Amino acid sequence: MTLALEAVSVTRAGAAAPLFAPVSLTVPPGTVTTVMAPSGAGKSSLLAAIGGHLGPGDLVSGRVTLDGADVLARPAEARRIGLMFQDALLFPHLSVGQNLGFGLAPEVQGRAARRAAVAAALEAAGLTGFEHRDPATLSGGERARVALMRALLARPRALLLDEPFSRLDTDRRAELRRFVFDHLRQAAVPALLVSHDAADAEAAAGPVVRLQPA
Amino acid sequence: MIRLVPPLVALAIVLPVLAGLAGTLAAAFGHLPALGFTGPSLDPWRDLAALPGLGRSLWLSLATGLGATALALLAAMAAAAALWPRLSSGAAARALAPLLAAPHAAMAVGLAFLLAPSGWLARLASPWATGWQRPPDLATVNDPAGLALAAGLVVKELPFLLFVLIAALRQLPVAQAMAEGRALGYRPAAVWAFLILPQAYRLIRLPVFVTLAFAVSVVDMAILLGPATPPPMAVAVMRWMVAPDPAGMLPAAAGAVAMLGLTALAALAWLAGERLAGMAARALPLAGRRRGPRATLAAGAALAGLAWLAGIAALAVLALWSVAGRWRFPDPLPASLSAAAWAQPAAGWGEPALATLGIGAAVTLAALALAIGWLEAEDRGAMPRARWAVALAVLPLLLPQVGFLYGVTASALALGLPGGAAAVIWAQLLFAFPYVLIALSGPWRGLDPRLPATAAALGAGPWRRLFTVKLPVLAGPLMAAAAIGLAVSVAQYLPTLLLGAGRVATLTTEAVTLATGVDRRLAAVTAVLQAVLPMLGFALALWLPGRLFANRRGLIGRGAA
Amino acid sequence: MRLVAAALALSLATPALADWQATLDAARGQTVYWHAWGGDQRTNDFIAWIGAEAERRHGVSIAQVKLADTAEAVTRVVAEKAAGVAEGGAVDMIWINGPNFLAMKDQGLLHGPFVADLPNAAYVDLSPGAAASLDFTVPVEGMESPWRLARFVLVHDSATLPNPPASMAALADWAAANPGRLTHPVAGNFMGATFLKQALVELAPDPAALLAPVTEAAYGTQTAPLWDWYARLRSNLWRGGRTFPENESAQFRLLDDGEVDIAMAFDPAAPAALVEQGLLPDSVRVFVPEGGSLGNISFVAIPFNAAHRAGAMVVANLLLDPAVQARMQDITVLGSYSVLDPARLDAAQRAAFAALPTAPALPTLDDLGPTLPEPHPSWMTRITEDWVRLTAE
C-alpha cells in the first residue's frame with residue numbers, strides 16, 4: 001500500500017488563504033516520511049485532512065490517494081488511516097484491553113480469537129497481562145505502545161503520527177522510536193510523521209518534507 | 001437522521017414560542033377569532049388601563065425584579081471577592097447545592113414560615129427578647145412594597161449567580177491579575193472592582209439576563225411572598241387568565257404584552273446600568289484611583305452570608321414543620337412531633353410526587369436527547385454553530401413566561417393537544433431544553449477532538465463514535481445536565497398550571513396551593529419533597545459517574561462538580 | 001285536563017327512569033374528572049370516598065381535579081368551546097355555584113337540564129322558590145344538581161374572646177377597640193366576598209332590592225352604608241387593612257397563631273373538624289350574627305362537552321343518596337349539612353341523620369339561626385370590583 005499526496009493544501013473555515021503551500025509526496029509501504037515545520041504552520045491540519053478529521057467548513061485541495069485511489073471523498077472511518085497523537089491518546093473510559101479491542105479489525109471474529117489478538121498485541125508491546133489496567137495508570141511510554149498497537153490492530157492502510165515522541169524524556173524517546181518504526185516496517189504500512197524534532201526525522205530514516213508558507 | 005434534530009428543535013421549541021408570542025400579541029389587539037373577537041381594537045388596552053392598581057402592579061414587578069437581581073449580583077460579586085481562593089473548592093459547591101436545588105416555590109414557602117410575624121424567627125425570639133405573646137401586627141411577608149418578595153428572590157438567585165460567577169472566575173487568571181494589580185499599587189478591592197469582576201461579568205451576562213427576566217415575571221414566589229392587593233403584574237395577568245369571564249382573556253393578553261414590554265424595559269435599564277458601571281470601572285483607575293469600594297464589597301459579602309443563612313434556615317424550618325405535631329406561637333419548637341403528614345401519601349403528597357417524578361423524567365430525557373442531537377448535529381456540520389441558533393434556543397428563558405405561555409396554551413388547544421401530562425411535559429421542555437443545552441455545550445465543545453478522531457481512524461462511524469466514545473466520556477457532564485433538567489422541570493409552576501388543564505398536580509402546584517392552606521405540615525411536606533427531589537438528582541449526578549467509572553482515573557474530576 | 005297532566009307526567013317520568021338504566025350502562029367504566037376546589041382536606045377525602053363508593057356501586061371512578069379557584073374550570077370549558085372542542089372535553093363535572101354558575105349558564109356552557117332525570121332528585125324539594133331551585137337567586141332550571149349546604153359562620157377562640165360581637169355593625173366597633181385583631185380574606189375569594197355580602201345584607205336599607213340584578217341606582221343606595229361601615233373598619237383591620245389573607249384557610253392559620261381573634265367559614269362544621277385535626281385550639285367556637293347569616297347550596301354541574309356525561313350524572317345522583325348525605329353530615333367525616341328535604345325521607349333514613357355524633361365546636365341547627373338569602377350574583381361582582389379598586393389605591 002502506498003500513500004500519495006498530490007498538491008494538498010488546507011484552508012480553514014472562513015480563512016482567505018490556505019495554511020501552507022501545496023504539498024506533494026509519496027510514501028511507499030513500510031517507510032516513514034517526515035514533515036517538518038515550526039508549530040502553527042498547519043502540520044496537524046495536514047494530518048487531519050489526510051485522515052478526514054477536519055471540522056465542518058474547512059477545505060482541502062489536491063488529492064490524497066492510497067494505491068492510486070482517492071480517499072478524500074470518503075468519511076474518516078472508511079479511509080482506514082490510523083492516527084497516533086503526542087499524548088498517545090487512549091479512551092479514558094475503557095480498559096487497556098478494551099482500547100485495543102475497539103481498534104481490532106472486524107474481520108477478526110469470535111470472542112476467543114479477538115481476545116487472543118489483543119493478548120498477542122500486548123505481548124508484542126511488552127505489556128503482557130495489561131488487559132484490565134486503567135489507561136490513566138500507564139506511563140507515557142506504555143501508553144504510546146498501546147496506542148500504536150491499537151492503531152495497527154485496525155489493519156490500517158496508512159498511519160499518521162502527530163509528534164508521538166515529543167512528550168517523552170530523551171532516553172525513552174529513542175527506545176520508543178525504535179519500537180514504533182520496527183513495527184511499522186514489519187506491518188509494511190506507509191507512515192507520515194509530523195515533528196519539529198530533527199532527531200525524529202533522522203531516526204525515521206526516510207525523506208523529509210518541509211511545509212512552506214502559502 | 002441527525003439532520004432531523006435542528007428542524008425538530010425549531011418545531012418543538014422555537015416555533016411554539018414565536019406562535020405563542022404572535023397569538024398573545026394578536027389577542028392583545030382584540031383579535032381572537034375563536035372567541036368571536038376580530039380586531040384590530042384597542043379595547044383590551046383600555047380594559048387593562050382600567051385595572052385597579054395597574055401602575056402599582058407594574059412598578060412592583062419592575063422594582064422587585066431589577067432590585068433583587070442587582071442586589072443578588074452585587075452580593076455574589078462581593079462574596080466572590082471576599083472568599084475567592086476558597087470558593088473554587090468543592091466545599092463552596094456543596095454549601096450552595098441545597099439552595100441551588102430547592103425550587104423557588106419551596107424556598108418561598110420556607111421563607112414565609114421563617115419570616116412571617118408568626119414565623120420561626122419570631123418564635124425563637126419570643127417572648128423572652130421581644131415580649132410578644134402573640135405575633136406582632138407587622139407585614140414582614142406579603143408587604144405592600146414587595147420587600148419580602150425581593151428578599152426571597154435575592155435568597156434564591158444569589159446562589160445561582162455566585163455559582164456561575166465561580167465558574168467564570170475559574171476561566172480567568174485571577175491570581176495573576178491580583179499580583180499584577182497589586183504590583184501597580186491597587187488595593188485588592190480595587191483589583192476586584194476594576195479588573196477581575198468586569199472580566200468575569202462579561203462571561204456571565206446570559207445567566208444574569210435570564211435571572212432578570214425571571215425575577216421581573218416570577219409568579220409562584222410572588223404569590224407566596226409578594227403583596228396581593230395589588231399583586232405584581234405577572235400575578236395580576238395570571239389571575240386574569242384564569243378568571244371566569246372569557247372577555248377577560250383579551251385584557252389578559254394585553255397584560256401579557258405589557259409584561260413583555262416591562263421585561264424589555266428592565267433589560268434596557270440593566271444595559272444602561274452595565275454601561276455606567278463599566279465606565280466607572282474604566283474611568284476611576286485612569287483618574288488615579290487605587291482604592292476599591294471596600295465598604296460596598298464588605299456589605300455585599302455580609303448580605304450574601306445573611307441570604308445564605310436565611311435560605312438554609314428556610315429549608316430547615318420546612319423540614320421541622322413537616323414533622324411537627326402541635327406547634328403554636330410562641331413555642332420555639334413544636335410541642336410534639338408527628339409523622340402524620342408523611343404517613344398518608346394518599347392525603348396529599350403521593351400522587352403529586354409521582355407526577356413530578358414522571359414528568360421530570362420525561363422532560364429530562366427529552367431535553368437531554370434534543371441537546372445531544374443539537375450538539376452532535378453541530379459536530380457533523382448539519383447545523384451552524386451560530387449565536388443566533390443559541391439565542392433562539394434560550395429565548396424562552398429571556399422572555400417572561402406569562403408573555404407567551406398564554407399563546408402557547410391557545411395554540412395547544414387549537415392543535416387538539418389535550419391538556420394534561422403530555423402538554424405539561426412539552427411546555428416544561430421549552431424551559432428545560434435551553435438549560436440542558438447550556439450546561440452540556442461547554443463540556444461537549446471542550447471534549448478533546450482527538451478522541452472521536454482516533455475512534456474514526458480506527459474505523460468507528462459517527463454513531464459508534466457518539467455512543468461508545470463521546471457519551472461515555474461525557475457521562476459526568478451528561479448526568480449534571482440531566483440533574484439540571486430535572487431541577488428545572490420540578491420547579492415549573494406556570495407551564496404546569498396553564499397546560500395541565502388543572503389535571504396535573506405536581507409538587508410545585510401543590511406547594512403553592514397548600515401554602516395558603518390551613519395545615520402548614522402538609523405544605524411543608526410537599527415543599528420538602530419539592531426541594532429534595534432535585535437535590536437527589538444532583539447527588540446522583542455526582543455519585544453515579546464515580547461508580548460507573550470507579551476504575552477510570554482519567555474520567556474522575558470530569559464529573560458534575 | 002287531569003288526563004293531560006298525567007300523560008305529561010308519564011311522558012316525563014317513564015322515559016327518564018328507563019333512560020337511567022341506559023345512563024348506568026353507559027357510565028360503567030368511565031372516569032369522571034370532577035373539578036372541585038381542593039383547599040379543604042376533608043372535602044377532598046370525602047370526594048375520594050365517593051369515588052370508591054361510585055366504583056363499588058356503579059363501576060364509575062372519580063378523579064378529583066383540585067382547583068385553587070373554581071373559575072379555573074370555567075375558563076377551561078370556555079377555552080375548549082373557543083377552540084371548537086364540542087366533544088370529549090376535559091371537564092366532566094364542576095363543584096359550582098353563584099357567579100360561576102351564572103356565567104356558564106348564560107354562555108350555554110352547561111349540559112342539561114338533567115336534574116329531573118336523577119332518581120334521587122325525588123328526595124330534594126325542587127319546587128319553584130325552594131332553596132335548591134335557586135342559586136344566588138338565579139333559577140337553577142335543572143342545569144346543576146345540589147349536594148351540600150353552606151352557611152356563613154364566624155369563628156372565635158373562646159379563651160381569648162369570650163363574647164364576640166353580635167352583628168356586623170358591632171364588629172366594626174369591636175375592631176375599633178381592638179385594632180389589628182380582625183381581617184377577612186380578599187374579596188376575590190368567595191369567603192371574602194361573602195363577608196362583605198353579609199355586611200351588605202345587614203346594612204342595606206332594603207335587603208329585598210338585593211335579590212334583583214344590580215342597577216346603577218340601586219347599587220348606590222344599597223351599598224352606601226356598607227362602604228361607610230367598611231371605611232370605618234378598614235384602618236382597624238389586621239395590617240392596617242393593607243394586606244389580606246388569601247382565603248379562609250389562611251385566616252384559620254392566623255387565628256391559630258393568635259394573629260387575629262376571629263375567623264370565618266362557609267361550612268359550620270369546619271372549625272370542629274380543624275380542632276379534631278390539631279389545627280385549632282379546643283376552645284374555638286362558632287357564632288352567627290344575631291339576625292342570621294347568608295346560606296346557599298353547593299351544586300355540581302356538567303359542561304356541555306363533558307367526555308363522561310353519563311358517569312357525571314351517576315355521581316351527581318349518588319351525591320343525593322340519603323345514606324351518602326347522612327355520612328356527609330357526620331362531623332367525623334365532613335360535617336356538611338344535607339340538602340335533602342326531611343319530609344321526603346322515610347323513618348329509617350331520618351333516624352340515620354338523628355344518630356349523628358356532635359362536638360363542642362359544632363353548632364346545632366338552632367345555633368345557626370335563620371338563613372338569609374344570597375343577593376343576585378351581579379351584586380357580588382360589583383362589590384368585589386369596588387373592593388379591589390379601593391384596596392389597590
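Computed from a predicted structure; not experimentally measured. Each chain gets a letter, A, B and so on, in the order its sequence line appears, and its residues count up from 1.
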Engaged part of [X] at the chain B interface, taking heavy atoms whose separation is under 4.5 Å:
X      : result
C:P245 : neither
C:N247 : side chain
C:L255 : backbone
C:V388 : both
C:W387 : side chain
C:V260 : backbone
C:L274 : side chain

Among B:D519, B:V518, B:T513, which one satisfies side-chain contact (heavy atoms from CB on, under 4.5 Å) with C:S249?
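Exactly one candidate clears the test, B:V518.
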What is the minimum heavy-atom distance between B:P144 and C:R242, and which atoms define it?
CB-NH2, 3.5 Å
Check whether any side-chain N or O of [X] sits under 3.5 Å from a backbone N or O of [Y] as a donor-acceptor pair, and report yes or no.
X      : Y      : result
C:R239 : B:L138 : yes
B:R326 : C:G278 : yes
B:R134 : C:E259 : no

Highest number of heavy-atom pairs under 4.5 Å with chain C among B:G53, B:A139, B:P227, B:G325 belongs to B:A139
Residue selection (most heavy-atom pairs with chain C, distance under 4.5 Å) from B:P117, B:A340, B:A228, B:S338
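Highest number of heavy-atom pairs under 4.5 Å: B:P117.
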Can you tell which of [options] has the highest number of heavy-atom pairs within less than 4.5 Å of chain B?
options                        : value
C:Q277, C:E246, C:E80          : C:E246
C:D256, C:T243, C:L390, C:T391 : C:D256
C:A250, C:P99, C:G180, C:A90   : C:A90

Below 4.5 Å from any heavy atom of chain C, which atoms of B:P330 appear? Answer side chain, backbone, both or neither.
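Answer is neither: B:P330 stays 4.5 Å or more from chain C.
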Does any heavy atom of chain C fall under 4.5 Å from the side chain of B:A515, the backbone, both, or neither of them?
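Answer is backbone: N, CA, C or O of B:A515 sit under 4.5 Å from chain C.
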Working to the nearest 0.5 Å, report the span between OG of B:S118 and CG of C:L254.
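If I round to the nearest 0.5 Å, the distance is 7.0 Å.
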Just wondering, are more than 12 heavy atoms of other shown residues or ligands nearer than 6.0 Å to CH2 in C:W49?
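Yes, enclosed.
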Give a yes or no on whether C:D282 atom CG has more than 12 heavy-atom contacts from other residues, nucleotides or ligands under 6.0 Å away.
no
I'd like to know if C:D257 and B:R328 make a salt bridge, using a cut-off of under 4.0 Å between side-chain N and carboxylate O.
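Salt bridge absent between C:D257 and B:R328.
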Contact check, side chains of C:L279 and B:R521, non-hydrogen atoms, under 4.5 Å:
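When only atoms from C-beta onward are counted, B:R521 and C:L279 do touch, with a gap below 4.5 Å.
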Between C:K66 and B:L514, is the side-chain contact (heavy atoms from CB on, under 4.5 Å) condition met? List the steps.
CA-CA 11 Å; C:K66 291 175 190 159; B:L514 289 171; over 6 Å; no
